[in-house]
Protein chains: 2
Amino acid sequence: MARIGVRDVARAAGVSVGTVSHVLNHREKVAADTVARVDAAIAELGFVRNGAARQLRSGRSLTVGAVVLDAANPFFADVIRGAEEQADASEHAVLVGTSGADEARERRYLDLFSEQGADGILLSPAAWPPQRLAQIAKRGTPVVLVDAQPEGSALPSVAVDDVAGGALAVSHLIGAGRRRIGFVGGPHRIRQVADRWTGAQQAAELAGGNVELERFDTPATTVLAGRAAGEQLIMRPAPRRPDALFCANDLVAVGVMQALVLAGAAIPDDIALIGYDDIDFAAATMVALSSVRQPARELGATAVRMLLGEDDRTSVTFAPELVVRESTDG
Amino acid sequence: MARIGVRDVARAAGVSVGTVSHVLNHREKVAADTVARVDAAIAELGFVRNGAARQLRSGRSLTVGAVVLDAANPFFADVIRGAEEQADASEHAVLVGTSGADEARERRYLDLFSEQGADGILLSPAAWPPQRLAQIAKRGTPVVLVDAQPEGSALPSVAVDDVAGGALAVSHLIGAGRRRIGFVGGPHRIRQVADRWTGAQQAAELAGGNVELERFDTPATTVLAGRAAGEQLIMRPAPRRPDALFCANDLVAVGVMQALVLAGAAIPDDIALIGYDDIDFAAATMVALSSVRQPARELGATAVRMLLGEDDRTSVTFAPELVVRESTDG
DNA sequence: TGAACGTATTGAAACGTTTCATTCGTCGGG
DNA sequence: CCCGACGAATGAAACGTTTCAATACGTTCA
């Protein structure tokens with residue numbers, strides 16, 4: 001089965017190859033009956049245009065690449081969804097490659113997208129600083145970083161303000177009348193954790209002296225780590241227990257909640273609980289979990305707009321938003 | 001900044017373009033010092049090869065496309081991971097597009113991958129039967145379906161045997177001495193749910209007359225639906241309660257577990273509980289959840305091997321496997 | 001010493017499209 | 001009745017690689 005090209009279509013429709021190409025690309029400039037004839041020929045022959053040749057000649061790929069740490073992570077999944085919606089609007093498609101925090105794979109995908117002539121690349125970097133960016137940007141493919149601090153370097157980026165998020169959570173707890181607040185999470189070398197803790201401190205200071213803020217470190221931001229922390233914490237005599245907990249993410253919060261419920265503590269009456277990320281599951285925990293939502297889709301959409309030159313800001317920071325559910329709504 | 005091509009590299013290195021291309025593609029056939037000179041020129045000029053031209057000429061793209069319903073779904077995420085690992089081994093990259101169950105988007109991605117000359121496409125179809133497959137296969141891009149029943153049509157596919165999975169779960173419960181078993185899930189028009197229920201029935205029949213199997217339908221396979229079902233169920237007087245529950249998936253099982261725990265039932269002593277899918281979270285529930293694991297990575301890896309012609313089976317069905325944890329290990 | 005051979009490099013053709021300067025008709029206005 | 005203009009279609013050039021037959025240059029063997 002020989003490949004079918006514009007040439008074959010042209011022959012079948014009784015027109016020139018140039019005309020076929022015109023039908024493919026700007027059909028409004030071609031007479032209606034010619035269009036019909038060419039379309040018929042295309043359908044009959046099952047012609048599929050060769051994207052490589054098209055792109056080679058035209059220089060555009062109508063494609064945006066995204067290289068993410070982990071596509072299964074709901075945050076990135078939402079970023080990608082937002083990117084797709086926005087790309088759709090500009091007739092682009094989003095192609096996703098997952099690096100799994102492996103620098104070699106990240107580089108391979110970056111090179112791939114660059115070579116394939118993607119019109120832009122959205123990157124959540126596996127390592128800091130990202131290796132090849134200078135080269136790639138130089139080659140002419142714009143890159144936007146997602147949720148990575150540009151640290152002085154002036155690379156375009158979109159991010160969520162985790163400090164603000166931490167402050168948001170804690171001032172919400174304070175506003176609900178809580179005074180002895182615990183922060184559960186770790187390790188603090190993860191920037192997101194550190195920033196949220198910083199925000200928590202800021203909110204506590206802002207409230208004045210009668211708010212206590214205590215830090216409960218966990219070795220990871222997982223359910224099991226959260227549960228262990230919760231078990232520790234609930235063993236304290238009641239007067240020395242916090243009356244509210246802010247967890248570095250929702251998984252930790254779920255673990256803490258398990259421990260508290262099993263120990264018979266009432267949420268939120270005895271202890272209020274708030275997480276971070278607003279994962280799907282947050283609404284479905286035993287006591288629906290309050291959380292801080294990151295506008296992930298907006299991040300993705302904005303990144304794509306920046307890539308395609310429809311938004312000429314160079315670095316955008318989004319504000320997280322509070323989602324109040326039962327676990328703090330006593 | 002004019003684009004830099006092999007021509008420029010050749011000039012800078014003092015060789016012909018043919019030689020540059022050889023260095024790029026089979027450097028072992030080129031003298032060592034020439035390689036060095038060309039590499040230096042490439043680095044200095046920041047040359048990035050034009051993938052479109054390369055592909056146009058060579059016909060191969062070293063790319064495999066995957067079109068999935070939802071990349072955030074852990075099952076598909078694992079399929080993709082498996083596909084990536086396998087593709088890696090063959091110097092290929094996996095590009096992912098998410099259709100979100102939208103047929104138009106699915107078609108767009110299929111067309112895109114087909115036009116881009118992907119060496120194969122891995123598809124979890126949004127609708128049945130998939131629309132364009134005939135065309136695409138005809139054009140020469142092999143397609144393998146993931147987790148979709150080929151229903152007579154002889155399309156290549158990889159899948160997990162859900163009937164076997166259902167049987168596996170229920171015979172495990174029976175083996176643990178349970179006799180009054182409930183199946184929680186729905187709606188039954190979802191093939192996976194129906195198949196698992198079928199498997200459950202088969203296992204019950206196999207065990208003879210002294211096993212009762214009852215069906216508890218839910219409107220969806222979600223945590224909340226599971227919790228509602230669990231609450232209903234636990235309100236029955238103890239003698240009329242099942243002593244074991246098999247849930248159509250882990251989310252439902254989590255919901256059921258919440259209801260049982262809140263009602264004070266002991267798991268697994270009063271009621272054993274087993275889910276399906278073995279999501280990450282299964283090990284981190286209040287009582288660690290037994291489940292049926294689907295070999296998702298193997299699915300992805302096998303699909304890629306089939307696409308690249310390294311495995312000439314046309315349709316492969318995998319057996320699920322049992323993961324026993326506390327919730328059935330009384 | 002010459003022929004035969006092997007290795008390293010070269011130059012040009014080819015991949016299948018888009019684009020652009022032309023050509024071809026046709027129609028309206030002077 | 002002719003000219004200019006305009007819409008539609010044409011044909012060939014160009015995109016930047018890879019590939020392949022041909023060439024150049026040593027080296028080995030008889």
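Atom CG of residue A:D277 and atom CD of residue A:Q192 lie 9.0 Å apart, to the nearest 0.5 angstrom. To the nearest 0.5 Å, atoms CZ (A:F76) and CG (A:D70) are separated by 7.5 Å.
OP1 or OP2 of D:dT18 sits under 4.0 Å from a side-chain N or O of B:N25. Considering only side-chain N and O atoms, B:R54 lies under 4.0 angstrom from the phosphate OP1 or OP2 of D:dT18. For the pair B:S21 and D:dT19, the criterion of a side-chain N or O lying under 4.0 Å from OP1 or OP2 is not met. Listed pair B:R49 / D:dT18 meets the phosphate criterion, a side-chain N or O lying under 4.0 Å from OP1 or OP2. For the OP1/OP2 pair of C:dT9 and a distance below 4.0 Å, the side-chain nitrogens and oxygens of B:T34 include at least one atom meeting the criterion.
Atom CZ of B:F47 and atom C1' of D:dG16 are 9 Å apart (whole Å). For the pair B:L56 CG and D:dT19 P, the interatomic distance rounds to 12 Å; values are reported in whole Å. Separating the CG atom of A:N50 from the P atom of D:dT17 is a distance of 17 Å, rounded to the nearest angstrom. Rounded to whole Å, atom C1' of C:dT9 lies 16 Å from atom CG of B:L24. Straight-line distance from the CD atom of A:Q55 to the C1' atom of D:dA14: 16 Å, rounded to whole Å.
Between B:R57 and A:R37, the residue anchored nearer the 5' end of DNA chain D, judged by the nucleotide with its closest heavy atom, is A:R37. When each of B:A31 and B:S58 is assigned the nucleotide of DNA chain C with its nearest heavy atom, B:A31 is the one assigned upstream, toward the 5' end.
The environment of CD in B:E91 is sparse: at most 12 heavy-atom neighbours from other residues, nucleotides or ligands sit within 6.0 Å.
A donor and an acceptor atom, one from each side chain of A:Q116 and A:T63, are nowhere located under 3.5 Å apart. Side chains of A:N50 and A:R3: no donor on one and acceptor on the other come within 3.5 Å.
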Detail all sub-3.5 Å separations between protein N/O atoms and N/O atoms belonging to nucleotides 10-12 of chain D.
residue, atom, partner, partner atom, Å
D:dT10, OP2, A:S16, N, 2.8
D:dT10, OP2, A:S16, OG, 3.1
D:dT10, OP2, A:T19, OG1, 2.6
D:dT10, O5', A:S16, OG, 3.4

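Among the nucleotides D:dT17, C:dT19, C:dT17, the one closest to the side chain of A:H26 is C:dT19. Proximity note for B:R7 (side chain, C-beta onward) versus D:dG16, C:dT9, C:dT17: the nearest is D:dG16.
Of the candidates B:V30, B:V20, B:V23, B:V15 forms a side chain to side chain contact (heavy atoms under 4.5 Å, CB included) with just one, namely B:V20.
The residues B:R107 and B:D102 are annotated as not salt-bridged, no charged nitrogen and carboxylate oxygen being separated by less than 4.0 angstrom.
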